[in-house]
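Both counts, for ligands and for their atoms, begin at 1 and track the order of listing.
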Amino acid sequence: MDALALWQHYQDWLYYHPELEFYVDVSRMGLTPAVVQRLEPAFERAFQQMQELEAGAIANPDEGRMVGHYWLRDADLAPTPELRAEIRDAIAQVKQFSQQVHRGAIAPPQGGRFTDILSIGIGGSALGPQFVAAALAPVNPPLNIHFLDNTDPAGFERLFAELGDRLRTTLVIVISKSGGTPETRNGMLETQARFQRAGLVFADHAVAVTMPGSGLAQVAESNGWLAIFPMFDWVGGRTSEFSTVGLLPAALQGIDIDALLAGAKLMDQATRVPKIRQNPAALLALAWYHAGNGRGEKDMVVLPYKDSLLLFSRYLQQLVMESLGKEKDLDGNIVHQGIAVYGNKGTTDQHAYVQQLRDGLPNFFVTFIEVLRDGQEPGIDVEPGITSGDYLSGLLLGTRQALYEKNRPSLTVTIPEVTPKTVGALIALYERAVGLYGFLVNINAYHQPGVEAGKKAAAANLALQRQIVKVLEQSDAPLDLGAIAKAVNAPDQLERIYLILRHLVANDRGIEQLGDPAQPSQLQFRWQR
Ligand SMILES: O=P(O)(O)OC[C@H]1O[C@](O)(CO)[C@@H](O)[C@@H]1O
């Protein structure tokens with residue numbers, strides 16, 4: 001296409017939302033009216049299914065659950081008066097609690113005000129709050145947020161060293177929908193232990209965000225924590241940013257949660273329009289489908305050209321991959337669906353892997369996230385008539401063009417500024433696009449059966465570890481791997497046993513290793529008495 005034809009094509013495909021000043025440009029995705037026509041029946045079904053989902057259908061059949069994240073930003077849409085009240089009450093509780101913390105009415109028992117938040121959670125109970133904090137927290141927030149989203153002892157040590165004395169004025173939010181995620185439980189126990197060591201009462205600093213009745217809710221209740229915020233059965237972890245999971249940390253940091261919700265609500269209205277070319281989420285789903293032949297054959301590389309949006313790609317990784325990465329479709333056929341997502345930020349990534357994007361494997365499409373407003377201050381000229389912001393914009397346009405010249409598809413989402421409203425809209429846009437795509441390829445986008453396999457295997461390894469330690473404790477002589485394997489009734493599990501032992505040895509857990517580490521099968525292990 002020559003430049004003028006391309007300009008016309010750009011305008012033909014451009015989506016613009018006037019109130020949000022939000023653009024979606026899919027003109028570089030190789031779409032044609034014929035593609036739209038071919039997929040129209042599938043989209044009609046998807047729009048219908050989405051309508052049913054929003055009306056309260058059991059859209060997550062395996063788990064027998066409704067999928068209600070759209071109600072969180074427009075409670076009027078929830079199917080029953082009880083649900084509507086629950087949503088409004090939860091938002092009111094978040095606001096009231098945050099205001100009390102800001103005023104000092106809820107304060108650390110030793111005096112002063114809470115200065116820091118320690119948010120403990122993983123996956124959907126961390127990624128949204130992390131993204132929103134990085135994107136929107138003011139430079140001097142009323143409370144500084146920190147995250148524990150792993151069970152890594154070195155990570156715990158580092159964070160508590162950073163907090164130092166401020167542990168006294170730290171408010172701990174333990175976030176877990178299920179209330180039973182081991183990594184989060186570990187983070188909570190490690191934190192509790194640090195409080196104890198510092199002579200502080202953990203319960204006076206702790207709040208829980210979880211489903212009523214969960215294990216975490218019981219711990220919080222029985223120990224008299226400061227507060228418990230409800231998480232709902234009908235909100236999935238990866239779509240929980242607008243529930244108490246995301247709203248509580250945001251409100252505590254002074255982020256305008258009403259604006260966040262309003263942006264999402266406006267985007268929801270726009271993405272309910274049952275016409276592909278007038279619906280920005282449908283346009284995204286269409287572009288993804290077309291790029292990857294409806295089979296995820298192309299990866300989604302997400303490049304926000306704005307430092308504060310760095311975590312958007314990580315946030316989308318869970319939203320897209322946990323939702324769409326499925327072995328079976330809704331009819332039980334093996335389909336191995338999914339779209340791989342990665343990316344950090346532009347222009348930085350241009351000095352890292354964009355080389356491969358332009359010249360290497362053509363197995364991706366790029367999503368540029370463009371922010372029109374450069375910053376709050378007028379920029380200086382870094383060259384005559386050119387600011388740093390002009391560079392950022394120029395590099396985005398240049399990369400888009402360079403990719404197009406090499407037949408590498410890209411789409412561009414443009415927002416005017418990074419504000420609570422536009423971030424709310426961005427999240428809502430992708431939630432809907434993922435939902436529509438899920439319907440297009442006929443999968444359940446709201447469960448995550450694959451995650452369970454790793455969890456089960458981990459639990460089995462920990463049980464095996466206990467057995468290994470017992471065997472060594474009871475043996476006077478050093479044992480080789482074969483003898484240990486026999487004693488724990490796992491004669492063929494030599495590799496697993498070896499790997500478990502290697503970790504224990506490295507951590508001074510009372511086990512000594514004898515022999516040459518380069519020859520694992522010759523090693524012997526003994527309990528250090
Ligand atoms: O909020 P929870 O229940 O602790 O779950 C955390 C995360 O774990 C997962 O279930 C995956 O194991 C995610 O879907 C979820 O966001």
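- Applying the salt bridge (Lys or Arg N to Asp or Glu O under 4.0 Å) test to pairs two or more places apart or on separate chains, those with a residue in residues 437-465 are Glu452-Lys455.
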Can you give the donor-acceptor pairs under 3.5 Å from side chains of residues 297-313 to other protein atoms, not counting sequence neighbours?
| unit_1 | atom_1 | unit_2 | atom_2 | d |
| --- | --- | --- | --- | --- |
| Glu297 | OE1 | Asn293 | ND2 | 2.6 |
| Tyr305 | OH | Gln350 | OE1 | 2.7 |
| Lys306 | NZ | Asp374 | O | 2.8 |
| Asp307 | OD1 | Lys345 | NZ | 2.9 |
| Ser313 | OG | Leu310 | O | 3.4 |
| Ser313 | OG | Gly343 | O | 2.6 |

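- Among protein residues, Ile122, Gly123, Gly124, Ser125, Ser176, Lys177, Ser178, Thr181, Gly237, Gln318, Glu322, Gln448, Val451, Lys455 come within 4.0 Å of ligand 1, judged on heavy atoms.
- Looking at Asp268 and Arg73, a side-chain N of the basic residue comes within less than 4.0 Å of a carboxylate O on the acidic one, giving a salt bridge.
- Taking the charged nitrogens against the carboxylate oxygens, Asp233 and Lys177 have no contact shorter than 4.0 Å, which rules out a salt bridge.
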Under 3.5 Å, sequence neighbours excluded: what are the donor-acceptor pairs made by side chains of residues 153-167?
| unit_1 | atom_1 | unit_2 | atom_2 | d |
| --- | --- | --- | --- | --- |
| Arg166 | NE | Asp116 | OD1 | 2.9 |
| Arg166 | NE | Asp116 | OD2 | 3.3 |
| Arg166 | NH2 | Asp116 | OD2 | 3.3 |

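- Counting heavy atoms from C-beta on, the side chains of Phe368 and Thr414 never come closer than 4.5 Å.
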